[in-house]
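Proteins get letters first, then strands, A, B, ... in listed order; numbering begins at 1 in each. All figures in this text were calculated on a predicted structure; none of them were measured in a lab.
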Protein chains: 2
Amino acid sequence: MSSGADAAHMPPDSETKTPERLRRRAGRLLSGVSAQSDRLTNDGLARVNARKWHYAVLASLQEFGPGSQATLSRRTGIYRSDMVSVLNELAERGFVERTLDPDDRRRNVITITAQGRRQLRRLDKILDDLQDELLSPLSPTERDQFVGLLTRLLDHHTQRAPHPPASRP
Amino acid sequence: MSSGADAAHMPPDSETKTPERLRRRAGRLLSGVSAQSDRLTNDGLARVNARKWHYAVLASLQEFGPGSQATLSRRTGIYRSDMVSVLNELAERGFVERTLDPDDRRRNVITITAQGRRQLRRLDKILDDLQDELLSPLSPTERDQFVGLLTRLLDHHTQRAPHPPASRP
DNA sequence: GAACTAACGTTAGAGTCACTAACGTTTATG
DNA sequence: CATAAACGTTAGTGACTCTAACGTTAGTTC
């Protein structure tokens, strides 16, 4: 009707509108929503001086108990080179304790503290709220659908990774 | 049964398994799938010496016709500071032409060439295949659902951005 | 028509993120 | 005992998003 496909003169919204081709691409949609989600969670966690990796480590410790840094690395997907500073931050704040493993003196044993458990509960609450905000346009049923689809996609692409890079840091 | 919740000694899979808490978080699922998708498309496009921004610019030119760099910036979401090198690459390869706008000598007018249109068709094909690979675990109906949900989420969060940062580069 | 404001293309750079390489130390393997 | 492997750690790379500033050109206002 009114939206022109001609290229000669400039229709009013060819200035700002995103091409349909791009809007339909799943990859682009994904990175868009993911970027928005990242922004949301980063901002939300920054308000309590935390980062998303903090949550991953604390949750892992709570669920599986103490472990070495390499173990935590494998459980959370954080590279073991980056794990160092994450644990430094968590230890500074008193959420974990780093002690030498007497049975294997290469290892550090990381343990969650009472404060760490409290912090984990707080972060859980925050992330719940942020997830609510992110998924606010969807009905409860749709949210479940969405999470279900994402889970299947992620599982499929991480079990036997097509390319080796992403599975085991 | 076999998966222990105790923390004292180490059960076999507390070494590698990701905590349930993390696996259910929509934000984490999103960034996981998005990362996988990025890897897929980056690798796929690199095979023909292209990048995803190339596709965005070419698609925009094809759909809305020639435009200034600032216009392309607004249409694609690429910052105008980054648009420079993207257009350099596209011009080097002969996919676009950069000419001074005689009516407004601040502007460059970017035009897609015949080769550019051919390249766009090629990239479209490649991206279709990659999208197929990404969504392979989903049925056609589920793919539509997935894209629909993503679209609604993205639209909701970009129309009136809760935080100003992400909408208009 | 002069002075101010705003948009344009461009360069440089900050900050974050996923990821690799290499090191010294310690434990397992042959 | 020698070699290889896993650990924690440091440093650094490359990509990506985003900000700041500059010179140039165009509208706007008096």
Side-chain angles (χ1 to χ4, degrees), chain A residues 15-16 27-28 31-32 34-39 41-43 45-46 51-53 56-57 67-74 76-91 96 98-110 158 161 163-169, chain B residues 10 15-16 28 31-32 34-43 45-46 50-54 56-57 67-74 76-91 96 98-110 161 163-169:
Chain A
E15 282 298 308
T16 54
R28 198 176 164 89
S31 57
S34 171
Q36 207 67 28
S37 161
D38 281 354
R39 241 183 287 271
T41 61
N42 285 338
D43 291 0
L45 291 178
R51 314 186 188 202
K52 65 180 169 167
W53 293 128
V57 170
S68 72
Q69 300 188 187
T71 299
L72 291 176
S73 220
R74 284 182 285 260
T76 56
I78 309 173
Y79 278 70
R80 71 182 208 269
S81 37
D82 300 326
M83 180 63 73
V84 180
S85 67
V86 173
L87 291 178
N88 285 343
E89 293 171 1
L90 287 173
V96 302
R98 218 205 228 112
T99 60
L100 265 160
D101 186 343
D103 297 349
D104 185 341
R105 303 219 312 280
R106 294 172 298 183
R107 288 181 163 95
N108 289 336
V109 177
I110 313 298
T158 44
H163 302 272
S167 42
R168 292 295 135 70
Chain B
M10 292 185 174
E15 282 298 308
T16 54
R28 198 176 164 90
S31 56
S34 171
Q36 208 66 28
S37 161
D38 281 355
R39 239 183 290 270
L40 224 56
T41 61
N42 286 338
D43 291 1
L45 292 178
R51 314 185 187 199
K52 65 180 169 166
W53 293 128
H54 295 187
V57 168
S68 71
Q69 300 188 186
T71 299
L72 291 176
S73 220
R74 285 182 285 260
T76 56
I78 309 173
Y79 277 71
R80 71 181 209 270
S81 37
D82 301 325
M83 181 62 73
V84 179
S85 67
V86 173
L87 290 179
N88 285 343
E89 293 171 1
L90 287 173
V96 303
R98 219 205 225 111
T99 60
L100 265 160
D101 186 343
D103 297 349
D104 184 342
R105 302 219 310 282
R106 294 171 300 182
R107 287 180 163 95
N108 289 335
V109 176
I110 312 299
H163 301 272
S167 42
R168 292 294 135 67

Interface polar pairs with nucleotides 23-30 of chain C, N/O, under 3.5 angstrom:
{"from": "C:dT27", "atom 1": "OP1", "to": "A:Arg105", "atom 2": "N", "distance (Å)": "2.8"}

A:Asp38 has an atom CG; how far is it from atom P of C:dC17, in whole Å?
9 Å
Side-chain contact test, heavy atoms from C-beta onward, threshold under 4.5 Å: evaluate it for B:Leu90 versus B:Arg98 and give yes or no.
no
Map B:Lys52 and A:Asp82 onto DNA chain D by nearest heavy atom, then report which one ends up closer to the 5' terminus.
A:Asp82
Rounded to whole Å, please give me the gap between CZ in A:Arg98 and P in D:dC7.
15 Å
Rounded to the nearest 0.5 Å, what's the gap from CG on B:Asp82 to CG on B:Leu87? Could you check?
11.0 Å
Counting heavy atoms from C-beta on, name the nucleotide in D:dG8, D:dT17, D:dC18 closest to the side chain of A:Ala70.
D:dG8
Heavy atoms of A:Ser68 and A:Thr71 approach each other most closely as OG-OG1, 2.9 Å
Under 4.0 angstrom between A:Gln69 side-chain N/O and D:dT9 OP1 or OP2
yes
What does A:Arg51 touch in the nucleic acid at a heavy-atom separation under 4.0 angstrom: a base, only the sugar-phosphate, or nothing?
nothing
d(CD, B:Gln36; P, C:dC17) in whole Å
19 Å
Nearest whole Å is fine: how far is C:dA7 C1' from B:Met83 CE?
16 Å
Whole angstrom value for the distance that separates C1' of C:dC19 from CG of B:Asp43:
14 Å
Between B:Arg107 and B:Leu100, the two heavy atoms sitting closest are O-CD2, 3.7 Å
Partners of B:Arg51 by side-chain hydrogen bond (donor to acceptor under 3.5 Å, both in side chains), sequence neighbours excluded?
B:Glu89
Minimum-distance nucleotide (side-chain atoms of A:Ser81 versus D:dG8, D:dT19, D:dA11):
D:dA11
Atom CD1 of A:Ile78 to atom P of C:dA18: distance rounded to whole Å?
9 Å
Would you name the heavy atoms of B:Leu72 and B:Val57 that are closest together and state the gap between them?
CD1-CG1, 4.2 Å
At less than 4.0 Å, is any side-chain N or O atom of A:Trp53 found next to OP1 or OP2 of C:dT16? Yes or no.
no
Between A:Met83 and A:Ser73 the two heavy atoms that sit nearest each other are CE-N, 3.5 Å
Between C:dT10, D:dT10, C:dA18, which nucleotide has the shortest distance from any of its atoms to the side chain of A:Val84?
D:dT10
Nearest whole angstrom, please: distance from the C1' of D:dA21 to the OH of B:Tyr79.
16 Å
Please report the interatomic distance CG(B:Asp101) to CG(B:Asn108), rounded to the nearest 0.5 Å.
8.5 Å
Would you work out how much the helix from C:dG1-D:dC30 to C:dG30-D:dC1 bends between its ends, with each end axis defined by five base pairs, to 10 degrees?
10°
Taking all atoms of both residues into account, what is the closest heavy-atom pair of B:Asp38 and A:Ser31, and its distance?
OD1-CB, 4.2 Å
Closest heavy-atom contact between A:Ile78 and A:Trp53?
CG1-CE3, 3.1 Å
In whole angstrom, give the distance that lies between atom CG of B:Asn108 and atom C1' of D:dT24.
12 Å
